[in-house]
**Q** 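I am attaching a structure below and will ask some questions about it afterwards.
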2 protein chains.
Amino acid sequence: MTKDVLRVETILTTTEDVLRRHGLAKATVLDVARALGVSHGSVYRHFPSKAALRGAVTRRWLTRARAVLATIAASDDPAPERLSRWLTAAFESKRAKALDDPELFETYRTLAVEHTDVVEEHVTELLAQLRAIVEAGLASGDFAPTPPDVAARAVFDAVARFQHPLLASEWARPGIGAEFDGVLGLVVRGLLAR
Amino acid sequence: MTKDVLRVETILTTTEDVLRRHGLAKATVLDVARALGVSHGSVYRHFPSKAALRGAVTRRWLTRARAVLATIAASDDPAPERLSRWLTAAFESKRAKALDDPELFETYRTLAVEHTDVVEEHVTELLAQLRAIVEAGLASGDFAPTPPDVAARAVFDAVARFQHPLLASEWARPGIGAEFDGVLGLVVRGLLAR
DNA sequence: TGACTGACAGAATCCAGATTCTGTCAGTCA
DNA sequence: TGACTGACAGAATCTGGATTCTGTCAGTCA
C-alpha cells in the first residue's frame, strides 16, 4: 500500500484475508470492497468478474505452493533421492495444510474445482518439475530408459491418492504415512535401471 | 416372488429399480413401499432404518461388481499378466459404468460415501484378491521379495486415480487410457524381480 | 482526466411456512 | 399369531416472496 491507488496485489491480499476470516460463501465482491474501504465498482475496475478475482487468488495460492517444490526439483541430489524428497514434500505440505486449517483448505479446494484452467496450469508446471527429475535420472543412468514425459505423468498419477484435493478427507487416517511410503517405494523401484 | 410374503431380496431389487428410475433424492422408503404395493411400515419390518436399506443395496451392488475380478484373481495366468488383467478390468468396468449411465453411477457413488463401512468391506475384499496375485508372483519368482499385504496396498493406492469414485469425472478425458497404461507399467515394473 | 462512486436491473441466495418423510406402534385381518 | 396397516410426532425438505449480490455505467471529484 505504498500508494493510495487501489492495486491488484492489495485486492488479492485482502480477498485472501476475507476468505480466511469469513469463508467462501461470505466472500462476495461487496465484502472484499467493504474490507478495502472502497465501493465494489472499484474492484470491477481491476477484475472483469468475481470469477476472475477468485481465479487470480487461486493462481497465487498455487504458485506459492509450487515454489518449495521447485527448489527440490532444481537441487543436485541423485535423481532417486530427489524424486523421493519431491514427492514426500508435495504430500506433506498439502497434508499439513489440510489438517491445520481444514476450513481454509476446503475453501481453496472449492476454488480449485471452480477454476479448472488455473489448476491445469499448475499441474503442467508440476509435471515439468517431475520431468526434470526423471531426465536427470536418465542422464545419470539411475533410471531405466523411458520417455520422460510419460514417466513423469505416470509418477504423478500414481500418487494421486496423496495429492488430489478431492481425496484430502482420507489424509487424516492413521495408516496414511505407511501407505504413502508403500507407493513411493513402488514408484521409485518402477523407474530404477535394472 | 415365489411367495406372497414380502422378502428382503424383493425389497432390494425394487429399491434398485426405484433408484434407477427416479434417482437417489426421490427414492424414499415411502416410494419403495409404493412400488412394492405395501405400506412403508412393512419395509421397516425387514430393515431397521432407511440407512440400513440403502446400505444393503450398496453392499449388493459392490458384491456383484467384485465377482468378475474374483475370477481373474483366481485364474492361473502368470502373476504379472494376471495383475495387469485384474487392474485393467477393474478400471474398465468402473469406467464403463460411469460413462454409460452417469446418473446411476452418481447415485451409487453417493450411497458409497454414505456407507463408509460397506465400502471398507469391499476394499478389504479387493485387497485380498490383489494379495493373492502378489503371492502367486512371489511363489513363481516373477516378483521381487516383498510383504504381500504391503505390496497389494501399494498397488491399490497407486491406481486410485482410476478407481476412486470421487475422481470419476476425470475418466471421460481423452488421454485417460494412455495414463492408465503408464501407471500400470510403472506398478508392474516396480514389483518385478530384477 | 481518470480513479472512484452509487443507483440500477436481473440473477442468485435466504428464510419461514407448508409439505413430505422417517421411524414407531397399537390395531386389523387372514 | 404374525405379517401387515395407517395414524402420528418430530425431522427433513420444498417453495416462493423478500433480501442480497453481480456486473454496468453515467456521473462526481480531486
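Just so we're on the same page: letters track the sequence lines, and every chain starts at 1. Because the structure is predicted, anything quoted here is derived from the model rather than measured.
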**Q** Salt bridge or not for R161(A) and D157(B), using N-O below 4.0 Å?
**A**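 The answer is yes: the pair qualifies as a salt bridge.
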**Q** Just the rounded figure in Å: distance from C1' of dT22(D) to NZ of K50(A).
**A**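 From K50(A) NZ to dT22(D) C1': 8 Å.
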**Q** Please determine if a side-chain N or O atom of R45(B) lies less than 4.0 Å away from the OP1 or OP2 oxygen of dC4(D).
**A**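 Negative; the distance criterion is not met.
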**Q** Rounded to whole angstroms, how far apart are CG on L36(A) and P on dT5(C)?
**A**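 Those two atoms, CG and P, are 10 Å apart.
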**Q** Do the side chains of R95(B) and E92(B) get close enough for a salt bridge, i.e. N-O under 4.0 angstrom?
**A** yes
**Q** Is the phosphate of dT5(D), meaning OP1 or OP2, less than 4.0 Å from a side-chain N or O of S42(B)?
**A**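 Looking at the OP1 and OP2 atoms of dT5(D), one of them is under 4.0 Å from a side-chain N or O of S42(B).
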**Q** Starting the side chain at C-beta, find the nucleotide from dT5(C), dT5(D), dT24(D) nearest to V38(A).
**A**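 Nearest listed nucleotide: dT5(C).
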**Q** Return the value, rounded to whole Å, for the distance between atom NE2 of H46(A) and atom P of dT22(D).
**A**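 Going from NE2 in H46(A) over to P in dT22(D) covers 17 Å.
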**Q** Nearest whole angstrom, please: distance from the C1' of dC21(C) to the CZ of R54(B).
**A**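 The distance from CZ of R54(B) to C1' of dC21(C) comes to 12 Å, rounded to the nearest Å.
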**Q** Taking pairing as Watson-Crick or G-U wobble with both contacts under 3.5 Å, can you name the mate of dT20(C), or confirm there isn't one?
**A**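 Across all strands, the one nucleotide that pairs with dT20(C) is dA11(D).
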**Q** Rounded to whole Å, please give me the gap between CG in L30(B) and C1' in dT19(C).
**A**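 Going from L30(B) (CG) to dT19(C) (C1'), I get 13 Å.
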**Q** Counting only Watson-Crick pairs (N1-N3 plus N6-O4 or O6-N4) and G-U wobbles (N1-O2, O6-N3), all under 3.5 Å, who is the partner of dA30(C)?
**A** dT1(D)
**Q** Whole Å only: how far is the CG atom of D31(B) from the C1' atom of dT20(C)?
**A**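 In whole Å, dT20(C) C1' and D31(B) CG are 10 Å from each other.
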**Q** Any strand counts, and the cut-off is 3.5 Å on both contacts for Watson-Crick or G-U wobble. Which nucleotide pairs with dG17(D)?
**A** dC14(C)
**Q** Suppose we define a pair by two distances each less than 3.5 Å, Watson-Crick or G-U wobble; what does dC25(C) pair with here?
**A** dG6(D)
**Q** Take the protein atom NE2 of H22(A) and the nucleotide atom P of dC21(D), then report the distance between them rounded to whole Å.
**A**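 Those two atoms, NE2 and P, are 12 Å apart.
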**Q** I want to confirm an ordering. Mapping K26(A) and T28(B) to their closest nucleotides on DNA chain C, which one lands closer to the 5' end?
**A** K26(A)
**Q** Nearest-nucleotide wise, let me know which of R34(A) and P48(A) is further upstream toward the 5' end of DNA chain D.
**A**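 Closer to the 5' end of DNA chain D: R34(A).
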**Q** Could you tell me how far apart R7(B) (CZ) and dA3(D) (P) are, to the nearest whole angstrom?
**A**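 Going from CZ in R7(B) over to P in dA3(D) covers 14 Å.
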**Q** Which part of the nucleic acid, if any, lies within reach of S39(B) when heavy atoms closer than 4.0 Å are counted: base, sugar-phosphate only, or nothing?
**A**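 Base: the residue S39(B), judged by heavy atoms under 4.0 Å, touches a nucleobase.
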**Q** Run the salt-bridge test on D31(B) and K26(B) with the 4.0 Å N-O cut-off and return the result as yes or no.
**A**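 Judged by the 4.0 Å cut-off on N to carboxylate O distance, D31(B) and K26(B) do not form a salt bridge.
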**Q** Does a salt bridge link E103(A) with R21(A), judged by any charged N lying under 4.0 Å from a carboxylate O?
**A**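 Result for this pair is no, no salt bridge flagged.
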**Q** Quick one: does H40(A) reach the base of dG6(C) with a side-chain donor-acceptor pair under 3.5 Å?
**A**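 No, the side chain and the base share no sub-3.5 Å donor-acceptor pair.
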**Q** Would you please name every residue forming a salt bridge (charged side-chain N to carboxylate O under 4.0 Å, His left out) with R194(A), sequence neighbours left out?
**A**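 Scan of R194(A) (salt bridge (charged side-chain N to carboxylate O under 4.0 Å, His left out), adjacent residues dropped) gives none.
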